[in-house]
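A short worksheet on the structure shown next.
Chain identifiers are assigned alphabetically (A, B, ...) following the order of the sequence lines, protein sequences preceding nucleic acid strands; residue numbering begins at 1 within each chain. For clarity, every value in this text was computed on a predicted model and none was experimentally measured.
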Amino acid sequence: MSIRFHDSRLRTVVELDTRDPGRVAMYVCGPTVYNLIHIGNARTFLWFDFIRQYFEYRGLQVTYVMNYTDVDDRIIERAKVEGSTTDAVTEKYTRAFEDDMAALGVTPADVLSRATDHIGEMVKAIEGLIERGVAYATDGDVFYSVEKFPSYGKLSGRSLEDMRAGDRVNPHEGKKHPLDFALWKAAKEGEPSWPSPWGPGRPGWHIECSVMSTTYLGTGFDIHGGASDLIFPHHENEIAQAEALADTEPFVRHWMHAGLVQMESVKMSKSLGNVVLAREVVAAYPGEVARYWALTGSYRTQLSFSDEALADAAQGYERWSTFLAAAKHALGPDMPPAPQHLHRPEGADGLVGPGAEYIGRFIDAMDDDFNSSEAFAVVHELVREANRRIEPAQRGETEDREVLSSLAEAFTEMTTMMGFHFGPTESPKLVDDLVQYLLELRDTARSEKEFERADAIRSRLAAMGVAIEDTAAGTRWRITPVPKESG
RNA sequence: GGCGGCGUGGCCGAGUGGUUUAGGCAGGGGCCUGCAAAGCCCCGCACAGCGGUUCGAUUCCGCUCGCCGCCUCCA
């Protein structure tokens, strides 16, 4: 079986069918860098990165392009508010975005393009649209004429008539149709601007993405992604621009949209002000916990954010982390090393051993529209089976050791694929030695029935983030996340 | 008003026309333990409501109720 996923234009699950066999060209709308991103934004980026990683895991060669919108009304406003320049604002928030992504374990896209580096191409594209008669200039602005694009509305499934009937469309003088949108905006005094045939100004938001995506990926590339609130008008407009310009359909082969994060059953959104910043989450929990939370649910559905949801995720993540430490303790030198190259182009074919079944189920789940909920369930089930083997493996039972080793290897493969690394794998030798020494002191106390002393050592260690567990084969310890001060 | 989606056990969150289950968290009981912790085992009459199709529906169809998104900037 091959990879299937939900194409939001066709509104159905399709088989991945790429322009070039074995390669995936994907573009995801990146942030407008005027503000810190919230956890809802982060979920989208986490997910598309995950999807990209999964393609690679399945042996596809991915080119992943993301843009930074670094010219926009909100940036101009922000610069005023901060008493700063637009350049300083975009620089600051681009960096903040990159920091936040790194904290969540998101790998940077292969190409991170800035709108302001592509103004020339955008001007050219706008000229082309005017030549083709689908755009018109008035007073230094240029608008796209939606009536000139017959299939306008095909992505979002609505017609111009439907929307004209809506009472929320606000006309703008100079527009021939209320839904016409700006390709070029004339600059007002003091605003950043670039020269153009229509006078100084800046590009509209939508033209940015269609120009940058096709610049890097050509037309007819494989996947265009973003969150579902971009379907209309942003992505609709991108299609109208790109297809009118190229005379070819389609602009992209597949559209994918991520569901929105809800805060108490309302969309989290900067304009509503009910946001939780990505960095607030990462300050309160390890980035991998946020990752766990974001990835447990389907990318397509709305996901609710709450302290409880995050605490749940922390518990689930902890279970995996604990298992890994226990397996290492039990297997010692027989613990399989972390996988170097994660590639399963053939699925689980040819894999043998107890871990193979789980990897097979994992791949089946992920191939099916990236069913991460099922994939997580597979990992949890593996952990349960493996936990049963810990104790006998510790006692030295050969078969249990072999099974545990195979399961631990599969576990590491799947969790690494999902971007989990379980903190520092090795602590400095000095730390090991010190902890070991304290454990010896505690063991002495225990053998003398000095339990108060033993328990004191345990609780001091716990406060430092070292959890200890007594087992028949000695005390094992692991580093746990120390609760961080949030704020 | 138009378009789209959702409603699953205390919570989060998958999935399916039927002999047997998602999974996690929380909860109860047990085993293990000096006590813990971790872990393992067992447990809880889920599928919004009402009709219809069917031998059989949580899963398909219709209606009702409730919720959400988009139609304006938005991940």
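Stem analysis of RNA chain B (Watson-Crick or G-U pairs, both distances under 3.5 Å, runs of at least three) returns B:1-7 with B:65-71, B:10-12 with B:23-25, B:27-31 with B:39-43, B:48-52 with B:60-64.
Taking atom CZ of residue A:Arg9 and atom P of nucleotide B:G4, one finds them 16 Å apart after rounding to whole Å.
A cation-pi arrangement is absent between A:Arg78 and A:Tyr34 under the rule of less than 6.0 angstrom and at most 45 degrees off the ring axis.
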Would you be so kind as to tabulate the donor-acceptor pairs closer than 3.5 Å made by side chains of residues 97-104 of chain A, with sequence neighbours excluded?
residue  : atom : partner  : partner atom : Å
A:Glu98  : OE2  : A:Tyr68  : OH           : 2.9
A:Asp100 : OD1  : A:Arg279 : NE           : 3.1
A:Asp100 : OD1  : A:Arg279 : NH2          : 3.0

Throw together a table of side-chain donor-acceptor distances under 3.5 angstrom for residues 402-412 of chain A, partners on residues two or more places apart or in other chains.
residue  : atom : partner  : partner atom : Å
A:Ser406 : OG   : A:Gly355 : N            : 2.9
A:Thr412 : OG1  : A:Ala408 : O            : 2.8

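Not counting sequence neighbours, A:Tyr144 has no partner by the side-chain hydrogen bond (donor to acceptor under 3.5 Å, both in side chains) test.
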### Message
Treating primed atoms plus P, OP1 and OP2 as sugar-phosphate and everything else as base, which nucleotides of nucleotides 28-42 of chain B get B, S or - for protein heavy atoms under 4.0 Å?
### Response
------BBBBSSSS-
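A 6.0 Å sphere centred on CD of A:Glu452 holds no more than 12 heavy atoms belonging to other residues, nucleotides or ligands. Within 6.0 Å of CZ in A:Arg95 there are 12 or fewer heavy atoms belonging to other residues, nucleotides or ligands.
Closest to the side chain of A:Ser304, from the set B:C73, B:C12, B:A22, is B:C12.
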Protein-nucleotides 66-69 of chain B N/O pairs under 3.5 Å:
residue : atom : partner  : partner atom : Å
B:C68   : O2'  : A:Gln302 : OE1          : 2.5
B:C68   : O2'  : A:Gln302 : NE2          : 3.4
B:G69   : OP1  : A:Lys267 : N            : 3.3

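Comparing A:Gly30 and A:Arg11 along RNA chain B, the residue whose closest nucleotide (by nearest heavy atom) sits nearer the 5' end is A:Arg11. Mapping A:Ser298 and A:Arg43 onto RNA chain B by nearest heavy atom places A:Ser298 closer to the 5' end of the strand.
Nucleotides B:U8 and B:G13 are separated by 9 Å at their P atoms, to the nearest Å.
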